[in-house]
Enquirer: 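My structure is below; once you've seen it, I'll send some questions.
Atoms considered below: every heavy atom in the structure, side chains included; atoms not considered: hydrogens, waters and symmetry mates.
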Amino acid sequence: MCKLFVAVALLAITASAQPTPPTADQVKAELVAAGVSETAAAGLIAVGEKYKDQFIAAKGDKEAGKNVFDQLRTDAEAYIKTQPESDQTAFVAFIQNKKAEFEANHGGPAPLSGV
C-alpha cells in the first residue's frame with residue numbers, strides 16, 4: 001500500500017509541476033503506453049477527474065490541497081485494488097518513470113519519495 005501511496009502522490013505531483021497540466025486524454029494515453037489497460041487507465045482518470053475542481057480551488061492553500069490529495073489517494077487505492085495485478089504493476093512502473101523524469105527535471109528527489 002505504501003508503494004501505491006507514493007505512486008499516486010508522484011502522479012499528482014507530476015501533473016501539478018507542469019506549467020499546463022496534461023489533459024485527461026494525454027494522461028490516459030501515457031498510462032496505456034506504459035502497459036496499463038484501457039479499462040484501468042480510464043478508471044484512474046475518472047478518479048482523478050472527480051477531484052479536478054477541488055484541486056483548482058485549493059491552489060495556494062497547502063492544507064486544503066493536502067486534504068483533497070488524501071481523498072484522491074483513498075479513492076485511487078480503492079480503485080486500483082480492483083484491477084488485475086498486471087495493471088497494478090504497469091501503473092507502479094509508470095509512476096517510477098515519472099519520478100525519474102521529475103528528479104531529472106528538478107535536480108533532486110521527488111517529494112514524498114522516501115515514504
Enquirer: Output all residues satisfying side chain to side chain contact (heavy atoms under 4.5 Å, CB included) with Asn97, sequence neighbours left out; order by chain, then residue number.
Expert: none

Enquirer: For the atom pair NZ (Lys28) and CD (Glu38), what is the distance rounded to the nearest 0.5 Å?
Expert: 4.5 Å

Enquirer: Is any side-chain heavy atom of Gln96 closer than 4.5 Å to one of Val92?
Expert: yes

Enquirer: Check the pair Tyr51 / Phe69 against side chain to side chain contact (heavy atoms under 4.5 Å, CB included), numbers first and verdict last.
Expert: CA-CA 8 Å; Tyr51 294 97; Phe69 175 77; over 6 Å; no

Enquirer: Report, one line per pair, each donor and acceptor closer than 3.5 Å where one atom sits in a side chain of residues 57-68; sequence neighbours left out.
Expert:
residue, atom, partner, partner atom, Å
Asp61, OD1, Glu63, N, 3.3
Asp61, OD1, Ala64, N, 3.2
Lys66, NZ, Asp70, OD2, 2.8
Asn67, ND2, Glu63, O, 3.4

Enquirer: Quick one: pull up CG in Leu31 and CG in Leu44 and give me the separation to the nearest 0.5 Å.
Expert: 6.0 Å

Enquirer: For Asp87, check side chain to side chain contact (heavy atoms under 4.5 Å, CB included) against everything at least two apart and list the hits.
Expert: Val36, Ser37, Ala40, Gln83, Pro84

Enquirer: Does Gln26 have any side-chain hydrogen bond (donor to acceptor under 3.5 Å, both in side chains) partners at least two apart in sequence or in another chain, and if so, which?
Expert: Thr23

Enquirer: Quick one: pull up CZ in Phe94 and NZ in Lys99 and give me the separation to the nearest 0.5 Å.
Expert: 15.0 Å

Enquirer: If the condition is side chain to side chain contact (heavy atoms under 4.5 Å, CB included), which residues does Thr82 pass it with, not counting sequence neighbours?
Expert: Tyr79

Enquirer: As an exercise, state the distance from CD of Glu77 to CG of Leu72, rounded to the nearest 0.5 Å.
Expert: 9.5 Å

Enquirer: To the nearest 0.5 Å, how far apart are CD in Gln71 and CD in Gln54?
Expert: 5.5 Å

Enquirer: Identify, with sequence neighbours excluded, every residue that meets side chain to side chain contact (heavy atoms under 4.5 Å, CB included) alongside Lys52.
Expert: Glu49, Ile56

Enquirer: Please say yes or no: joined through hydrophobic side-chain contacts below 4.5 Å, possibly via intermediate residues, are Val32 and Phe91 part of one cluster?
Expert: no

Enquirer: What is the minimum heavy-atom distance between Ala34 and Ala90, and which atoms define it?
Expert: O-CB, 3.7 Å

